Amino acid sequence: MLKYKILWFLFNLKASLASYHYDVHELGFQKGKKHLKVERIGHLPKQVNESSGLVYRTQDSTLLTHNDSGGSLHIYQIDLSGKLLNTYPISQAKNIDWEDMSADEQGDIYVGDIGNNSHRRQDLCVYKIDKKIDAVLQRIPIYYPDKQYVPDAEAMFVVQDSIYIFTKNWDKSGTDLFVRKIGINADTLQLKAHINLRTPITGAAINQQKNKFVLISYGKIYYFRIIEHQIDFSNPLYCIKFPHKQTESIAFLDENVVIITNEQGEIYRVREN
């Protein structure tokens with residue numbers, strides 16, 4: 001664990017000092033500084049000591065989050081300032097390495113036990129949890145095409161009948177996007193797209209209109225447009241430096257606002273102008 005904390009620090013430092021040259025001239029992003037406003041708006045309760053996934057619930061304007069690997073089997077409901085509202089036990093699951101969460105159009109919650117720092121795990125899965133957050137409806141196994149090398153991943157979201165997973169790479173090999181249908185048992189992930197991002201991706205979110213998604217990394221946020229329902233990397237939008245410690249959770253508040261938490265307990269809002 002100490003090894004990965006040191007790697008995080010070095011990547012975060014490097015990203016905070018890096019320029020936009022590669023992202024703009026090689027990948028086609030616009031500089032986000034002119035289009036985005038960042039502000040800190042709250043602090044997480046002590047129970048949430050390693051926030052690693054985030055969902056915004058429109059029905060009551062609250063956030064759901066969970067802790068990282070080895071954390072307790074709970075989902076925490078908080079307001080936008082970080083006040084703890086409810087704690088939901090998820091007794092039918094295991095938290096080997098919970099890394100991200102999402103919600104579908106019906107309000108059911110998906111928690112991704114998809115972390116694999118050692119590349120040795122073969123028991124990756126996504127838990128589908130009832131929208132009342134009181135029962136596990138389904139354990140969805142996650143299998144990569146290459147059984148010999150199972151990548152690490154900390155970012156995912158759900159759209160209609162599919163789970164989208166973004167790999168996290170400590171080297172400069174970029175990020176792969178894999179997709180899997182929810183309703184097919186033991187279905188293997190399919191590689192959908194690749195992009196040469198140079199920072200490890202740690203969280204993902206898609207907006208309600210399904211025309212934009214974001215990725216957060218150690219040090220940067222990447223915005224992408226979605227055109228004709230194609231979720232891939234072909235339409236980069238903004239990139240902005242975000243050197244605010246160990247950021248691993250992101251969620252859309254509305255079409256133009258995202259909320260971000262870090263493992264040091266801070267809550268940020270990023271608004272498009």
Side-chain angles (χ1 to χ4, degrees), residues 1-2 4-18 32-33 35-57 60-72 74-87 95 97-103 111-112 115 154-157 166 168 199-205 207 213-223 238-254 256-273:
M1 182 60 69
L2 177 61
Y4 298 107
K5 296 292 184 183
I6 294 172
L7 285 171
W8 156 72
F9 174 79
L10 294 174
F11 270 102
N12 199 25
L13 177 63
K14 184 176 180 180
S16 67
L17 299 174
K33 188 175 181 179
H35 304 279
L36 303 166
K37 178 182 179 182
V38 178
E39 56 184 332
R40 191 167 73 175
I41 61 172
H43 199 278
L44 295 169
K46 63 181 181 180
Q47 292 87 346
V48 186
N49 56 10
E50 284 190 311
S51 176
S52 190
L54 199 65
V55 162
Y56 178 70
R57 301 210 313 178
D60 53 19
S61 302
T62 63
L63 297 167
L64 300 176
T65 187
H66 61 72
N67 285 321
D68 205 338
S69 59
S72 61
H74 292 92
I75 291 176
Y76 303 94
Q77 183 182 22
I78 60 175
D79 66 15
L80 292 178
S81 70
K83 179 182 177 181
L84 182 64
L85 303 175
N86 286 296
T87 300
N95 183 354
D97 200 350
W98 288 7
E99 289 293 357
D100 209 353
M101 65 191 307
S102 184
V111 175
E154 296 189 6
M156 57 159 260
F157 53 68
F166 303 82
K168 173 187 177 183
T199 54
I201 298 304
T202 57
N207 66 354
F213 73 92
V214 291
L215 302 178
I216 191 162
S217 72
Y218 294 150
K220 290 184 179 180
I221 314 172
Y222 302 94
Y223 285 71
Y238 305 129
C239 174
I240 186 171
K241 287 191 278 188
F242 197 80
H244 294 289
K245 304 177 184 175
Q246 196 171 355
T247 48
E248 297 202 359
S249 306
I250 190 166
F252 272 95
L253 186 67
D254 60 35
N256 298 312
V257 178
V258 296
I259 301 294
I260 295 168
T261 61
N262 63 26
E263 291 202 354
Q264 288 67 41
E266 298 167 332
I267 306 174
Y268 290 88
R269 177 169 57 207
V270 182
R271 184 187 303 274
E272 290 187 57
N273 299 327

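The shown structure was predicted, so the numbers you read here are calculated from the model rather than taken from an experiment.
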Looking only at heavy atoms, what is the nearest atom pair of [X] and [Y], with distance?
{"X": "Asn95", "Y": "Ser72", "result": "ND2-O, 4.0 Å"}
{"X": "Ala155", "Y": "Thr202", "result": "CB-C, 4.2 Å"}
{"X": "Ala205", "Y": "Ala251", "result": "CB-CA, 3.8 Å"}
{"X": "Leu84", "Y": "Asn86", "result": "CD1-O, 3.6 Å"}

4.5 Å side-chain heavy-atom contact, [X] and [Y]:
{"X": "Met101", "Y": "Leu64", "result": "yes"}
{"X": "Asn67", "Y": "Val48", "result": "yes"}
{"X": "Thr261", "Y": "Leu63", "result": "no"}
{"X": "Tyr218", "Y": "Glu248", "result": "yes"}
{"X": "Tyr223", "Y": "Val270", "result": "yes"}
{"X": "Glu263", "Y": "Glu50", "result": "yes"}
{"X": "Leu44", "Y": "Tyr76", "result": "no"}

What's the separation between atom [atom1] in [X] and atom [atom2] in [Y], rounded to the nearest 0.5 Å?
{"X": "Ser249", "Y": "Glu99", "atom1": "OG", "atom2": "CD", "value": "9.0 Å"}
{"X": "Leu54", "Y": "His66", "atom1": "CG", "atom2": "NE2", "value": "9.0 Å"}
{"X": "Thr87", "Y": "Gln47", "atom1": "OG1", "atom2": "CD", "value": "6.0 Å"}
{"X": "Ser52", "Y": "Asp100", "atom1": "OG", "atom2": "CG", "value": "7.0 Å"}
{"X": "Ile267", "Y": "Ile41", "atom1": "CD1", "atom2": "CD1", "value": "6.0 Å"}
{"X": "Asn262", "Y": "Ile250", "atom1": "CG", "atom2": "CD1", "value": "12.5 Å"}

*CA sep, side-chain torsions, deciding dist, call: Asp68, Asp97, side chain to side chain contact (heavy atoms under 4.5 Å, CB included)*: CA-CA 6 Å; Asp68 205 338; Asp97 200 350; 3.1 Å; yes
_Going by salt bridge (charged side-chain N to carboxylate O under 4.0 Å, His left out), name the residues that satisfy it together with Arg57, two or more places apart in sequence or in a different chain._
Asp60
*Are Phe252 and Phe213 an aromatic pair by the rule of ring centers under 6.0 Å?*
no
_According to side-chain contact (heavy atoms from CB on, under 4.5 Å), who are the partners of Ser61, at least two apart in sequence or on a separate chain?_
Tyr56
*asked:* Leu36 vs Phe242, test: side chain to side chain contact (heavy atoms under 4.5 Å, CB included). Steps then yes/no.
replied: CA-CA 11 Å; Leu36 303 166; Phe242 197 80; over 6 Å; no
*asked:* Quick one, Ile260 with Ile221, criterion side chain to side chain contact (heavy atoms under 4.5 Å, CB included). Give me CA distance, side-chain angles, the key distance, then yes/no.
replied: CA-CA 10 Å; Ile260 295 168; Ile221 314 172; 3.4 Å; yes
*Can you find a side-chain donor-acceptor pair between Thr199 and Tyr222 that sits under 3.5 Å?*
yes
_Residue pair Thr247, Tyr268: steps toward the side chain to side chain contact (heavy atoms under 4.5 Å, CB included) verdict_ = CA-CA 10 Å; Thr247 48; Tyr268 290 88; 5.7 Å; no
